[in-house]
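Everything below concerns the one structure shown next.
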Amino acid sequence: MAKILDESLIYEILSVVEEIPEGSVASYGQIAALIGREKNSRLVGRVLSRAEFYGDYPCHRVVNHTGRTAPGWREQRFLLEQEGVEFKENGLVDMKKYQWRV
DNA sequence: CTAATGACTGTGG
DNA sequence: GCCACAGCCATTA
């Protein structure tokens with residue numbers, strides 16, 4: 001398991017991702033804010049893209065602020081639909097209903 | 001050291 | 001809604 005990012009940063013991000021309830025989604029910026037790094041939304045995405053190397057995390061419950069799923073990862077939509085998350089005609093998650101409320 | 005990159009976000013047209 | 005542009009910042013080359 002190669003160490004790509006700073007451990008503490010990985011831990012903070014993944015621990016938040018872990019708390020996302022089933023049937024809900026969170027945005028990168030939302031997670032970044034929760035760990036006190038509002039400007040680091042891009043870092044959140046970087047960690048999630050490699051999350052599989054760190055363990056099993058529900059990284060499929062994280063989308064960008066428009067509700068778009070990760071590019072090049074079709075399975076994500078399928079996984080969310082299995083949890084009851086609905087998608088709109090334009091292929092975006094219905095954030096209005098399913099965005100994680102803290 | 002500098003420069004480019006990206007699973008991002010906010011603003012403005 | 002779409003597109004272009006500008007911040008953002010750790011990682012990579």
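Residue numbers start from 1 in every chain, and the chains themselves are labelled A, B, ... in the order their sequence lines are given, proteins ahead of strands.
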Pick out which of A/V16, A/L14, A/I31, A/L9 makes a side chain to side chain contact (heavy atoms under 4.5 Å, CB included) with A/V44. A/I31
Rounded to the nearest angstrom, tell me the gap between atom CG in A/L43 and atom C1' in C/dT11. 8 Å
Check the distance between C/dT11's P and A/R50's CZ and give it to me in whole angstrom. 10 Å
What's the CG-C1' distance between A/L48 and C/dT11, to the nearest Å? 15 Å
A/I10 CD1 to C/dA10 P, straight-line distance once rounded to whole Å: 14 Å
Take nucleotides 8-13 of chain B nucleotide by nucleotide from the 5' end and write B, S or -, depending on whether a protein heavy atom sits under 4.0 Å from the base, only from the sugar-phosphate, or from neither. BSS---
Smallest heavy-atom separation, A/Y57 atom then A/A51 atom, equals CD1-O, 4.4 Å
A/D56 CG: over 12 foreign heavy atoms closer than 6.0 Å: no
C/dG7 to B/dA7 separation - P atoms, rounded to the nearest Å: 22 Å
For A/E18, look at atom CD and say whether over 12 heavy atoms of other residues, nucleotides or ligands are found less than 6.0 Å away. yes
Can you tell me how far OG of A/S24 sits from CZ of A/R101, rounded to the nearest 0.5 angstrom? 9.0 Å
Start with the C-alpha distance between A/Y98 and A/L80, add both sets of side-chain angles, then the distance that settles side-chain contact (heavy atoms from CB on, under 4.5 Å), and finish with yes or no. CA-CA 10 Å; A/Y98 299 101; A/L80 289 174; over 6 Å; no
Rounded interatomic separation in angstrom, taking CZ from A/R46 and C1' from C/dA13: 13 Å
Carefully, step by step, assess A/R61 and A/V17 under the rule side-chain contact (heavy atoms from CB on, under 4.5 Å). CA-CA 8 Å; A/R61 297 190 188 131; A/V17 172; over 6 Å; no
Between the main-chain N or O of A/G23 and the side-chain N or O of A/E83, is there a donor-acceptor pair closer than 3.5 Å? yes
Within the distance-only criterion (no hydrogens, no angle test), does the side chain of A/Q76 pair as donor or acceptor with the backbone N or O of A/A70 below 3.5 angstrom? yes
Separation of C/dA10 P from A/I35 CD1 (nearest whole Å): 11 Å
Can you tell me how far C1' of B/dA7 sits from CZ of A/R61, to the nearest Å? 17 Å
Residues from residues 75-102 of chain A sitting under 4.0 Å of DNA chain B, heavy atoms only? none
